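Predicted model only: the values in this text are computed from it and were never measured. Order of appearance sets the numbers: ligands from 1, and atoms from 1 within every ligand. What's counted below: heavy atoms across the whole structure, side chains too, no hydrogens, waters or symmetry copies.
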Amino acid sequence: MTSQYRVNYHLRAHKRDNLIEFIKGMLLTPFVLRASPNSSQGGPAEYSEIFEQLETLINQHRQLADQNLASHSQLSRLVPGIGTFFTSLPLRQAFARSDQHQGISGRRHVPPSFNDVRRILNTAQVMAISEQLELVTFDGDMTLYQDGMNFEKDSELTKQLIGLLERGVKVAIVTAAGYGEDPLKYEGRLSGLLDGMRAAKLSKEAVEKFWVLGGECNFLFQCNSSYHLQFIPDAEYQSSALRHWSDQDVKPLLDAAEQELLDCVRRMNLQQIKVLRKPRAVGLVPEVQMTREQLDECAISAQRALLRAQSTQTTQPDEAKVPFCAFNGGNDCWVDIGNKLIGVQILQGVLGSRPEATLHVGDQFLSTGNDLATRTACCTCWIINPQETHGILAELEEIMK
Ligand code: IMP
Ligand code: MG
C-alpha cells in the first residue's frame, strides 16, 4: 500500500463499510467474466458460489468467536474491524431471491453495487432471525418517517408493526430525538402509528409490547391500553449499570461538544446555523441545507474533540467513561450523551430478549451515524428510507408465514 493510498483510504473511512466493500470486490471477478462479449463464464452460478464461500467464512468466524478467538479468523484478516455475527447468514439463498427480483447476474455494464450487497445482507439477516425473533427495534428518522417529519397517518408501516405486535414480537423505537420525560412530544411525532393502533383496536396484551426509547437511551416509555405512552422512571428497571452518568459528569463533555461545533461554524464560515444545548445533548441545526461533507466534518470533529476531552479530563478506565454519540443526522449534527448500543441493551434487559433474537433496523450505519453502535448488541438491517423498511418487513412477514 503506498502512503498516498493509505492516506486516501483512512480519510474515506467514514464513507465505507469494510464488509460490504470486501463482498463487492469478490463479486467483481464473475462480473468481469460475464461482461466479456460471447462469454459463457460468469453469471448466477459464480455469484452463488461466492456467497456460499462467504457463508463458510462467517460460520468459521462465529465458531472462533465462541472461543474468544474471533481475531484469529480468516474473515478478521480479510476484513479488518469485522464485528460480531449473532446468527449465521444464508447469503446464497438471499442472493437467489434478490437476483430473481432484481436480475443482478444479468447485468453486463453495472457491477454488483454497495446497495445490492447491503440489500442481500438485509434479506439474509431477516431469513436467519425470523424463526427466533423476539424484539425489533427501529430507528425513527429516515427509517419509519422522513427526516424531521412525523409518522404518517395511514403509513403502510402501521399495519406491519401491528402485525408484529399481534404475533407476540416486541417492537420499540430507539431514536436520538430526545424530548425529556414528557410523552406528549413523542406521541405527537408517532400519532399516525398510535391512531392506527387505536383504529385497529389492538389488544392490551399486544399494545403493551410497544416501547419508545428517546434520546438514544435516556427516556423510556411503554404504550398502555389507551394507546398513550407512559414514562417509565429509571428506578423501575435496571438502567443504572448501563446509564451511570450524572449532570456533573456530562457537563465537561457537552461544553467540549459545544465549543467544537461552534469552532466548525467559524472554520467553515457556516451561515444561518443554531447550536442548541439540551440537558443531554448539543446539536448543530442549520436553517438551510448543509452539504454531507460539512455535516461529516462536524460529526468527526465532535467525535475527536470528545475523545480528547475524555483523555485529558479524566484518568478513569474506559468502561467508567461517559458514552456519547456524535453523528451526522442527514440535515443536522448532534452530540448525545449515551448511545443506541445502551438503548438496545436496556430494552433487551427489560424485555428479556437475546442478541440473536433482536433486530435493529436503521439508516445510519457509517462511522458518522448513530445506528452503528447497535451492531455490538444485536442483529441489524441497514435501510436507507422508510420504503426499504416496508420492503424488509414485507420479506419478514412472508418468511414468518
Ligand atoms: P433518529 O434517526 O430517530 O435517531 O433521529 C435523529 C434525528 O433526531 C436527528 O437528526 C435530529 O434531527 C433529531 N433530534 C431531535 N432531538 C435530538 C437530540 O436531542 N439529539 C439528537 N437528535 C435529535
Ligand atoms: Mg435515522
**Message:** What I want to know is whether D139 and ligand 1 share at least one N or O pair that is separated by under 3.5 angstrom.
**Reply:** yes
**Prompt:** With side chains defined as the heavy atoms from C-beta onward, is the minimum distance between L351 and E134 less than 4.5 Å?
**Reply:** no
**Asked** Can you tell which part of T175 has a heavy atom less than 4.0 Å from ligand 1: side chain, backbone, both or neither?
**Response** both
**Asked** Tell me: protein heavy atom nearest atom 15 (C) of ligand 1, and distance?
**Response** A177 CA, 3.6 Å
**Request:** Calculate, to the nearest 0.5 Å, the distance between atoms OG and CE belonging to S301 and M268 respectively.
**Result:** 6.5 Å
**Message:** Tell me the protein heavy atom at minimum distance from atom 19 (O) of ligand 1, and give that distance in Å.
**Reply:** K278 NZ, 2.9 Å
**Request:** In plain terms, say whether E21 and K24 are close enough for a salt bridge, that is, a side-chain N and a carboxylate O under 4.0 Å apart.
**Result:** yes
**Asked** Which protein non-hydrogen atom lies closest to atom 9 (C) of ligand 1, naming both residue and atom, and how far is it?
**Response** D332 OD1, 3.7 Å
**Request:** Could you list which atoms of ligand 1 come closer than 4.0 Å to a heavy atom of G178?
**Result:** 16 (N), 17 (C), 18 (C), 19 (O)
**Prompt:** How many angstroms lie between CD1 in I20 and CZ in R119, if you round to the nearest 0.5 Å?
**Reply:** 10.5 Å
**Item:** Residue, atom name and distance, where the atom is the protein heavy atom closest to atom 20 (N) of ligand 1
**Value:** D336 OD1, 2.7 Å
**Message:** Would you say the rings of W334 and F324 are close, in the sense that their centroids are separated by under 6.0 Å?
**Reply:** no
**Prompt:** Are K251 and D255 close enough for a salt bridge, meaning some N to O gap below 4.0 Å?
**Reply:** yes
**Asked** Do ligand 1 and D363 have nitrogen or oxygen atoms that lie under 3.5 Å from each other?
**Response** no
**Asked** Under 4.0 Å between a Lys/Arg side-chain N and an Asp/Glu carboxylate O for D139 and K340?
**Response** yes
**Minimum-distance pair of heavy atoms, taken over all atoms of C298 and L284** = SG-CD1, 4.1 Å
**Prompt:** N/O/S atom of D141 under 2.8 Å from the Mg ion (ligand 2), yes or no?
**Reply:** yes
**Message:** Looking at Q289, I'd like to know if its CD atom is crowded, meaning that more than 12 non-hydrogen atoms belonging to other residues, nucleotides or ligands lie closer than 6.0 Å.
**Reply:** yes
**Item:** Heavy atom of the protein closest to atom 5 (O) of ligand 1 (residue, atom name, distance)
**Value:** D141 OD1, 3.4 Å
**Message:** Looking only at distances, can you tell me whether any N or O atom of G140, backbone or side chain, sits closer than 3.5 Å to an N or O atom of ligand 1?
**Reply:** yes
**Asked** Can you tell me the angle formed at the Mg ion (ligand 2) by OD1 of D363 and OD2 of D139, to 10°?
**Response** 80°
**Prompt:** What part of A281, side chain, backbone, both or neither, has a heavy atom within less than 4.0 angstrom of ligand 1?
**Reply:** side chain
**Contact check, E216 vs ligand 1, heavy-atom distance below 4.0 Å** = no
**Asked** Between E152 and N150, do the side chains contain an N or O donor and an N or O acceptor separated by less than 3.5 Å?
**Response** no
**Item:** Residue part near ligand 1, for D371, under 4.0 Å between non-hydrogen atoms
**Value:** neither
**Item:** Side chain, backbone, both or neither: K340 near ligand 1, heavy atoms under 4.0 Å
**Value:** side chain
**Message:** Below 2.8 Å, can you find an N, O or S atom of D147 next to the Mg ion (ligand 2)?
**Reply:** no
**Check: Y186 side chain, Y179 main-chain N or O, donor-acceptor pair, under 3.5 Å** = yes
**Message:** Pairs of nitrogen or oxygen atoms closer than 3.5 Å, one from Y179 and one from ligand 1: do any exist?
**Reply:** no
**Prompt:** Starting from atom 6 (C) of ligand 1, which protein heavy atom do you reach first, and at what distance in Å?
**Reply:** A176 CB, 3.8 Å
**Prompt:** Hey, are D371 and H360 close enough side-chain-wise for a donor-acceptor pair under 3.5 Å?
**Reply:** yes
